[in-house]
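Working notes, beginning with the structure itself.
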Amino acid sequence: GGGSGVRAARPGRYPPLASLVVSTIAAFSAVIVIAVLHSAYDDALSRTRTLLGHNLEPTPWHPFPHDKGRPPPRAALRCASYLSCLPPLSQPKPAAAAAANASRPRQCPSYFAAIRRDLAPWRRRDGGGGGITRALLESGRHRASMRVTITGGGTRLHVDLYYACVQSRALFTVWSLLQLMRRYPGRVPDVDLMFDCMDRPAINRTEHTGEGAPPPPPLFRYCTTRDHLDIPFPDWSFWGWPETHIEPWTREFRSIKQGSRRVRWPDRVPTAYWKGNPDVASPLRLALLACNDTNLWRAEIMRQNWEEEAKSGYQNSKLSSQCTHRYKIYAEGFAWSVSLKYILSCGSMALLIDPLYQDFFSRGLEPRVNHWPVSTVGMCESIRDAVEWGNAHPEDAERVGKRGQRLMQELGMDTVYDYMLHLLTEYAALLDFRPGPPHSSQEVCAGSVLCLADDRQRRFLEASAAYPATAGPCSMPPSDG
């Protein structure tokens, strides 16, 4: 039996037309979805502002090289508050000892009284509440790099970023507030404040003094002067300065003090010593270079090149190895300098060249008690005279140096956090509105800060983390008028 020779079609060799259409549509839809998601993600990255300055312009009043554009991919996703801050910032319970010790708080250092002077311009004379309105606060935005709000009884923190700050100052400043909230759970008040993390003060006293003068906007920063109304706040370096390999304050002070013990006072070099960067638009430091003559002016002035130090792994800039001279010079830079606390920590007699700027603790300095004043008029001669006096009165000079070191010993992180708490508490009492984060702000927590930081920054942040206090804060000194 032969057949017809016609082969039957193999079932399933070609899919039905409907299946092809469905598959094509599904693939096309997936491409569209991926494209939309990628576009949304790309848009999020282009709009995400970070504490490290991504998508932000540098402060116009203090320009600096700033090449940070879009943030790393993690900033828009993994580091976002809706992931890294869930659940919201926890509120650890105060240690039991804190309540027990609350009835016998220690006395705050005398310079805490300056908090009331700093805040006096916003205290109503009739004693009836605060004089900081929301409008007054927002009038300072044009000189602020960021706005910070703390709400929820000290449990949540938001920042509204306006401009980039140099290096990682903004990141570490916000970290300091988060650590304050952790150290004193439930005690940090709700606040709304403007902060500038650049150097020079901006609120000129003369522009806000006299009849008809407008009230000054409250603006926090790291330093002030007698001619300004900016509110001093502890600077970022207490929690570490990763760009210069300077450790958090507790570790750095311990290291410097140990270094100071390696050379006894009689064996130290009997001249004055300064090492720093003169290329910071500082006429004072440039003039100081002319005093570099150990025979004529009894001074050794060393230029610090941070770029070269970075290449050598910062082996020649360790602060603990710079306590070999009997006298150490403090010279302000573009404004105040964080070097003051490190110079005082050595136990050498600190020679302060007519400081113009004040930070929060420098109001505790007393001439010829815990430092020696040097005049800008005839500066080299003034340095030489101080050194010759000290070498003629070595015991007295050593005592001055030791008192300066003791002032820094007492400036532990307990004291720093207590200053922050008292300052924010007094400031909060002057607000005549209920603080709340602006719509443009972003929530920040320890998790989001650590997520955003690079490896080196993260090491410094983790090393400076605070723990709930075992005692209450120190008690404020009486008002000094």
Atom of H158, atom of S441 and distance for their closest heavy-atom approach
CB-OG, 3.7 Å
With a 4.5 Å heavy-atom cut-off, do R456 and H245 have their side chains touching?
yes
Among W241, F460, F172, W175, which residue satisfies the ring pair (Phe, Tyr, Trp, His ring centres under 6.0 Å) criterion with W236?
W241
Hey, does L340 have a side-chain heavy atom less than 4.5 Å from the side chain of L365?
yes
Over all heavy atoms of both residues, which pair between A446 and L178 is shortest? Give the atoms and the distance, please.
N-CD1, 3.7 Å
d(I343 CD1, Q322 CD) to nearest 0.5 Å is 9.0 Å
Does the ring center of Y222 lie less than 6.0 Å from the ring center of W336?
yes
Taking only residues two or more places apart in sequence or in another chain, which ones pass disulfide bond (SG atoms under 2.5 Å apart) with C197?
C165
Measure the CZ-CD1 distance between R285 and I301 for me, rounded to the nearest 0.5 Å.
11.0 Å
Under 3.5 Å, which donor-acceptor pairs link side chains of residues 421-430 to any protein atom two or more places apart or in another chain?
unit_1	atom_1	unit_2	atom_2	d
H422	NE2	C474	O	2.6
T425	OG1	L421	O	2.7
Y427	OH	D192	O	2.7

So which heavy atom on Q107 is nearest to which on M476, and how close?
NE2-O, 3.7 Å
Does the side-chain contact (heavy atoms from CB on, under 4.5 Å) test come out yes or no for R363 and D118, once each step is laid out?
CA-CA 12 Å; R363 275 86 72 96; D118 293 336; 2.8 Å; yes
Minimal non-hydrogen separation, D190 against G152, with atom names:
OD1-N, 3.5 Å
Would you verify whether the NZ or CZ of R200 falls within 45 degrees of the ring axis of F334 while also being under 6.0 Å from that six-membered ring's centre?
yes
Taking all non-hydrogen atoms of both residues, which atom of D230 and which atom of C223 are closest, and how far apart?
CB-O, 4.0 Å
If you take the centroid of each ring, where Trp contributes its six-membered ring, are Y162 and F195 closer together than 6.0 Å?
no
Determine which pairs satisfy salt bridge (Lys or Arg N to Asp or Glu O under 4.0 Å) with at least one residue from residues 334-347, sequence neighbours left out, and list them in order.
D235-K341
Under a 3.5 Å distance rule, please check whether S382 uses its side chain to pair with a backbone N or O of M379 as donor and acceptor.
no
Gap between atom CD of Q405 and atom CZ of F253 - 0.5 Å precision:
5.5 Å
Which pair of non-hydrogen atoms, one from F64 and one from V166, has the smallest distance, and what is that distance?
CZ-N, 3.5 Å
